[in-house]
Amino acid sequence: MLRTVTAPSLSFSSSSTCLIVSAQNNSYLIPHSLKLSSPLIGNINKSNSNRIVTCNYNPSRRLALFQLGAVIPQLQFLSGNLAPARSSDVTGQNVLEWVKNDKRRMLHVVYNVGDLDKTIKFYTECLGMKLLRKRDIPEESFSNAFLGYGPEGTNFTVELTYNYGVDKYDIGDGFGHFGIAVEDVARTVDLVKAKGGKVTREPVPDKGGSTKIAFVEDPNGYKFELLERGLTPEPLCQVMLRVGDLDRSINFYKKSFGMELLRRRDNPEYKYTVALMGYGPEDKNAVLELTYNYGITEYNKGNGYAQIAIGTDDVYKSAEAVKQCGGKIIREPGPIPVINTKITACLDPDGWKSVFVDNVDFLKEME
């Protein structure tokens, strides 16, 4: 989501109670109790009471968004210990009404993979995705790649992250699958087989429905549901997550995320219920599929799947709405130092993570 930029030095000055950090006209407060021992911190002038610390650092997307405590690791910039100066006030009384009219869109889904090149090959050759961009960040020991069926500025995409030396992840049993709309499920399955891919369910009608579906696995074990549909502007159409209380989750995503309940279907024969939530019709937009399995209230989330990023016009109000609806803010809203993109990160009642990203800032990054 964020492109690497050449960063100027961050300036730190000290008061009796806290450090004041300035970066491109944004101010941040750091308690003195936090340690300043870090290889990223350069010269420290101890000769005067207003201690100045300089830090030369080139932040990348990972630091900006996903390693939320790592811009300067031991200062924990993005984990909530650092309170960014706010650019606007939040009117809590009307924030849930504001959410209903916010311009939101699912931007991308993020997860870890053990072999980036092999995964890219599978997605492009078997699933028909395009490699939108790829980059290596050796100073942080990771690489990532963005793939999808259209530009990041208009389409839902996947962001794959490869961490040096890590070739396997625990996907857990909470994450379900990604959904891809295809015109001919059987033909896509044959292609996956021809390329040596793994088919876990042959083409059959959907349980309780009439749509023909199949399931395949990528080289990392992530499942993809293939749904037979006509042409659609958003082929990457679903992210399925399992939840412990479906009514609670529906209420949370409707009120705090502003999603619509597009469809709900109970399947007593198979002992599960699904609800599709999103920002528009499911044949034209990516949606969140929430699944409740009878009697199961907790799941192992593993360490493979990471989060969904969602665009918003105001990350401050978005965070306030999440708080009012019982969600947990794990990154207080505000601009990322140096890059200046405003974000906030939260957990839903089941612990699934999402990140809200300022719409204007996101488009600037795409430029």
Side-chain angles (χ1 to χ4, degrees), residues 96 99-100 104-106 109 156 171-182 185-186 189 199-217 221-230 232 234-302 305 307-308 310 321-322 325-327 346-354:
L96 296 183
V99 166
K100 297 177 183 179
R104 296 189 172 181
R105 177 175 74 84
M106 290 170 61
V109 60
F156 188 55
I171 296 176
D173 58 9
F175 168 79
H177 60 260
F178 304 111
I180 295 181
V182 298
V185 166
V189 166
V199 177
T200 60
R201 183 177 175 182
E202 295 287 342
V204 293
D206 186 14
K207 294 177 182 178
S210 58
T211 302
K212 184 182 290 187
I213 66 170
F215 279 87
V216 301
E217 279 188 11
Y222 293 103
K223 288 184 172 61
F224 283 80
E225 180 182 17
L226 306 177
L227 302 99
E228 191 162 275
R229 294 180 181 174
T232 172
E234 194 66 276
L236 182 59
C237 58
Q238 290 181 3
V239 177
M240 193 276 259
L241 303 175
R242 297 183 175 95
V243 298
D245 185 327
L246 188 59
D247 289 331
R248 178 185 66 182
S249 296
I250 290 172
N251 187 57
F252 176 81
Y253 281 100
K254 283 179 68 175
K255 289 186 175 181
S256 66
F257 278 51
M259 290 185 175
E260 301 174 54
L261 175 59
L262 303 172
R263 182 160 55 95
R264 177 172 178 160
R265 187 180 73 216
D266 188 33
N267 295 279
E269 181 181 356
Y270 301 102
K271 297 183 179 180
Y272 76 92
T273 306
V274 298
L276 273 68
M277 312 284 298
Y279 295 110
E282 60 182 290
D283 60 336
K284 297 180 181 179
N285 299 271
V287 300
L288 181 62
E289 179 181 343
L290 303 175
T291 298
Y292 168 69
N293 293 296
Y294 292 5
I296 302 177
T297 58
E298 293 184 2
Y299 292 93
N300 168 28
K301 295 178 178 60
Y305 173 85
Q307 65 217 21
I308 291 175
I310 296 173
V322 168
C325 294
C346 66
L347 301 178
D348 77 358
D350 288 277
W352 294 112
K353 184 164 71 169
S354 297

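The backbone N or O of Val185 lies less than 3.5 Å from a partner atom in the side chain of Glu228, making a donor-acceptor pair. Between the side chain of Asp173 and the backbone N or O of Tyr299, no donor-acceptor pair lies under 3.5 Å. Arg104 places a side-chain N or O within 3.5 Å of a backbone atom of Phe257 that can act as its donor or acceptor partner. In this structure a side-chain-to-backbone donor-acceptor pair under 3.5 Å is present from Thr232 to Asp283. Side chain of Asn251 to main chain of Asp247: no donor-acceptor pair is present (N/O by atom type, distance under 3.5 Å, no hydrogens or angles). Looking at Arg265, its side chain never comes within 3.5 Å of a backbone N or O of Thr273 through a donor-acceptor pair. The backbone N or O of Gly302 sits less than 3.5 Å from a side-chain atom of Asn300, completing a donor-acceptor pair. Using a distance-only test at 3.5 Å, with no hydrogens or angles considered, no donor-acceptor pair links the side chain of Trp352 to the main chain of Lys301.
For the atom pair NZ of Lys100 and NZ of Lys254, the computed distance is 9.0 Å after rounding to the nearest 0.5 Å. In this structure, the separation between CD on Glu225 and CD on Gln238 is 5.5 Å, given to the nearest 0.5 Å. The OG atom of Ser354 sits 5.0 Å away from atom OH of Tyr253, with the distance rounded to the nearest 0.5 Å. To the nearest 0.5 Å, the span separating OG1 on Thr291 from CG on Leu241 amounts to 8.5 Å. Atom CD in Glu282 sits 9.0 Å away from atom CG in Leu227 (nearest 0.5 Å). Here the CZ-CG distance, from Arg242 to Leu290, works out to 12.0 Å after rounding to the nearest 0.5 Å.
What you find for Pro203 and Ala186 is that their closest heavy atoms are CG-CA, 4.0 Å. For the residue pair Ser256 and Ala321, the shortest heavy atom distance occurs at CB-O, 3.6 Å. Contact record, Leu236 with Ala286: O-CB, 3.7 Å, taken as the closest heavy-atom pair.
Put simply, the side chain of Arg264 reaches to within 4.5 Å of the side chain of Leu246, judged on heavy atoms. In this structure the side chain of Lys255 never reaches within 4.5 angstrom of the side chain of Val99, judged on heavy atoms. Side chains of Ile310 and Met259 form a contact here, defined as non-hydrogen atoms less than 4.5 Å apart. Counting only heavy atoms from C-beta outward, the side chains of Val243 and Pro349 never approach each other to under 4.5 Å. Using a 4.5 Å cut-off on side-chain heavy atoms (C-beta onward), Glu289 and His177 make contact. Within the 4.5 Å cutoff, no side-chain heavy atoms of Met106 are placed close to those of Asn285.
The side-chain contact (heavy atoms from CB on, under 4.5 Å) with Met277 is formed by just one residue from the set Leu262, Leu261, Val287; it is Leu261. Partner Phe178 forms a ring pair (Phe, Tyr, Trp, His ring centres under 6.0 Å) with one of Phe224, Phe215, Phe156 and no other, that one being Phe224. Each of Leu226, Ile180, Thr200 was checked for a side-chain contact (heavy atoms from CB on, under 4.5 Å) with Val216, and the lone residue meeting it is Leu226.
Using modelled atom types, one finds no donor on one side chain facing an acceptor on the other under 3.5 Å when comparing Asp266 with Tyr292.
In this structure, Arg229 does not pair ionically with Glu234, as no charged nitrogen and carboxylate oxygen lie closer than 4.0 Å. Between Arg248 and Asp350 there is a salt bridge, since a side-chain N of the basic residue sits under 4.0 Å from a carboxylate O of the acidic one.
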